[in-house]
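Letters A, B, ... mirror the listed sequences (proteins, then strands); counts begin at 1.
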Number of protein chains: 2
Amino acid sequence: MATKEFDTTRERIIDAAGEIFAQRGFDSTTVREICQSAGANVAAVNYYFGDKQRLYVEAVVRAHRWRMERAKLPEWSADTSPQQKLRDFITTFIRRVRTGPADTWHSRLVMREIGNPSAACAELVQSSIRPQFDLLTGILREILPNVTNEKELHLTTFSIVGQCLFYHFADPVVRNLLDAKEYDGLDVEKLAAHIATFSLAALKQRATRAGATR
Amino acid sequence: MATKEFDTTRERIIDAAGEIFAQRGFDSTTVREICQSAGANVAAVNYYFGDKQRLYVEAVVRAHRWRMERAKLPEWSADTSPQQKLRDFITTFIRRVRTGPADTWHSRLVMREIGNPSAACAELVQSSIRPQFDLLTGILREILPNVTNEKELHLTTFSIVGQCLFYHFADPVVRNLLDAKEYDGLDVEKLAAHIATFSLAALKQRATRAGATR
DNA sequence: GTGTGTTTCAAACTGTTGTTTCAATCAATT
DNA sequence: AATTGATTGAAACAACAGTTTGAAACACAC
């Protein structure tokens, strides 16, 4: 009998559930489907998790943790330029966001929670977004020291994050608009590089304009 | 007996269905709930639409048409600058995208179809995206005549569209990050203006860089 | 081998869902 | 008023969903 964590019935159920919840959402996913995929009996959900809802929460918690471990920001030294920080931020963000057919369910499930928060997990996911938001806003303050309008900083943050999130939320669109070769060529580094370049260019113009008005 | 279109049972059902489908998606929406909201009997769905699926399709078709009529691009003369075209495009796009509590269900439903296409409506929605994509890419070609790399143009298009779509897909996040006053102040014109400014700044830098290498 | 706790399983249960059925009512026409 | 087609509504149906039940099987310790 294998003792590895991922071989137990409980783990197999979480894995199967995560996969299907990520694809279909909570309501459209049935316990029977999860258990069939996991090679388990439907009573196991009650036995290990109590009910479907708690299984869902467990899957989201698991996805969230995985995502945070997998896509870490690099350590920045005191002399890292804010531009480099922004590049790193964007690259890391895209790593967390970009989910293709070959990717696991973790990012996909968290993204689903972000777009359609469930009562049970809203706090968990939202509370992890705030620090990222503040971090990015802080980087923007370094790049744009003369821009003191908080609202503008927020909108700028959203403009950058929006570009990153696009590749998840609009994935079916992107897939349809591009030919297969071009779509398959959209790797994380390429996307991150483009978004960073686009955004830094905009910020550079903004900084120049802010400087000029002084 | 009123003869106005929106007073008939059939119309009331479509309206109620659209609202709830937009909020909850197809699977999580029940026929009983729709009919209760519409003040109709559950048999009416079969009578007027045949089944739930066809009601859904009707709602999406209706949403799509409404959206296209509501948010039209202005007529451009031959001497409209590509920068102004881009501003107009973004403003119109945001009008189609931005759905707040006070808005109707039409945009919301189409956005849902975009992010999670259903077999029944994929063609309809996707086929309306292509012309918009080509239009925006065309505008970008005017702004960046020296950039001939199609892939880069596509990514740039996505960067602009991603900013716009953000305000729909990440709405729960935005609501959570901002205080109520700031969130309520996010009107279409303000958002469009910021996105246009940010994007035109980036493009200006890009055009300058492209020109400089000549 | 016995006892105890854990895990698994098939069947059952209860409630819900989309759909259908059929008769009553309504509306329009002659 | 009678006829015909349209519309409505309550009840029924079949399938399915989440959950529970209780016994069998398993695992481990003594």
Side-chain angles (χ1 to χ4, degrees), chain A residues 1-62 109 112-113 116 118-121, chain B residues 1-62 109 112-113 116 118-121:
Chain A
M1 182 75 228
T3 58
K4 288 203 184 165
E5 206 178 69
F6 62 79
D7 275 352
T8 67
T9 299
R10 190 175 190 278
E11 294 303 318
R12 289 199 322 272
I13 291 177
I14 296 178
D15 222 47
E19 184 94 51
I20 307 178
F21 281 142
Q23 202 174 358
R24 314 268 294 291
F26 180 77
D27 281 341
S28 307
T29 298
T30 67
V31 170
R32 283 173 173 86
E33 191 173 6
I34 292 169
C35 291
Q36 179 170 35
S37 177
N41 184 278
V42 294
V45 168
N46 172 267
Y47 184 76
Y48 289 109
F49 305 100
D51 61 18
K52 183 185 173 188
Q53 178 66 45
R54 266 171 284 190
L55 169 58
Y56 181 74
V57 171
E58 181 65 41
V60 173
V61 169
R62 190 66 64 93
L109 185 56
R112 189 178 272 274
E113 266 296 314
N116 290 278
S118 60
C121 307
Chain B
M1 185 70 224
T3 56
K4 288 205 187 163
E5 205 176 69
F6 63 77
D7 277 353
T8 66
T9 299
R10 191 175 190 277
E11 293 302 317
R12 291 201 320 275
I13 292 177
I14 296 178
D15 223 49
E19 185 94 51
I20 307 177
F21 281 142
Q23 206 176 353
R24 318 268 295 292
F26 180 78
D27 282 340
S28 307
T29 297
T30 68
V31 170
R32 284 174 172 81
E33 191 175 1
I34 291 168
C35 292
Q36 179 170 34
S37 177
N41 184 276
V42 294
V45 169
N46 171 268
Y47 184 77
Y48 289 109
F49 305 100
D51 60 21
K52 181 186 175 187
Q53 178 67 43
R54 268 173 284 190
L55 169 58
Y56 181 75
V57 171
E58 181 65 41
V60 173
V61 169
R62 190 67 62 95
L109 186 56
R112 188 176 274 273
E113 264 299 312
N116 290 278
S118 59
C121 306

Discussion item. On DNA chain D, compare the nucleotides closest to B:A40 and A:D27; which residue's is nearer the 5' end?
Written reply: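 Nearest-nucleotide comparison on DNA chain D picks B:A40.
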Discussion item. Using heavy-atom distances to pick each residue's nearest nucleotide on DNA chain D, tell me which of A:T30 and A:A43 is more 5'.
Written reply: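 Upstream on the strand: A:T30.
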Euclidean distance, atom [atom1] of residue [X] to atom [atom2] of [N] [Å, nearest integer]:
X: B:N41; N: C:dG18; atom1: CG; atom2: C1'; answer: 13 Å
X: A:Q36; N: D:dA17; atom1: CD; atom2: P; answer: 11 Å
X: B:R54; N: C:dG18; atom1: CZ; atom2: C1'; answer: 13 Å
X: A:Y47; N: C:dA10; atom1: OH; atom2: P; answer: 17 Å
X: B:I20; N: C:dG18; atom1: CD1; atom2: P; answer: 11 Å
X: B:K52; N: C:dT17; atom1: NZ; atom2: C1'; answer: 8 Å
X: A:E33; N: D:dC16; atom1: CD; atom2: P; answer: 13 Å
X: B:R10; N: D:dA6; atom1: CZ; atom2: P; answer: 14 Å

Worksheet item: Do B:R62 and B:E58 sit within salt-bridge range, that is, some charged N less than 4.0 Å from a carboxylate O?
Response: yes
Is a side-chain N or O of [X] found less than 3.5 angstrom from the main chain of [Y], in a donor-acceptor match?
X: B:K52; Y: B:F26; result: yes
X: A:T29; Y: A:G25; result: yes
X: B:R112; Y: B:Q23; result: yes

Side chain of [X]: nearest nucleotide among [options]?
X: A:R32; options: C:dT7, D:dA12, D:dG18; answer: D:dG18
X: A:V31; options: D:dG18, C:dT17, C:dT20; answer: D:dG18
X: B:N46; options: C:dT19, D:dT8, C:dT20; answer: C:dT20

Practice prompt. Classify the nucleic acid contact of A:S28 as base, sugar-phosphate or nothing, counting any heavy atom under 4.0 Å across all strands shown.
Written response: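 Since no nucleic acid heavy atom lies under 4.0 Å of A:S28, the category is nothing.
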Discussion item. Within a 6.0 Å radius of atom CD on B:Q36, are there more than 12 heavy atoms belonging to other residues, nucleotides or ligands?
Written reply: no
Practice prompt. Please check the phosphate of D:dT7 (OP1 and OP2 only) for any side-chain N or O of B:T9 closer than 4.0 Å.
Written response: no
Worksheet item: Where each residue is assigned the nucleotide of DNA chain C containing its nearest heavy atom, which of A:Y48 and A:V42 is assigned the position nearer the 5′ end?
Response: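 That would be A:Y48.
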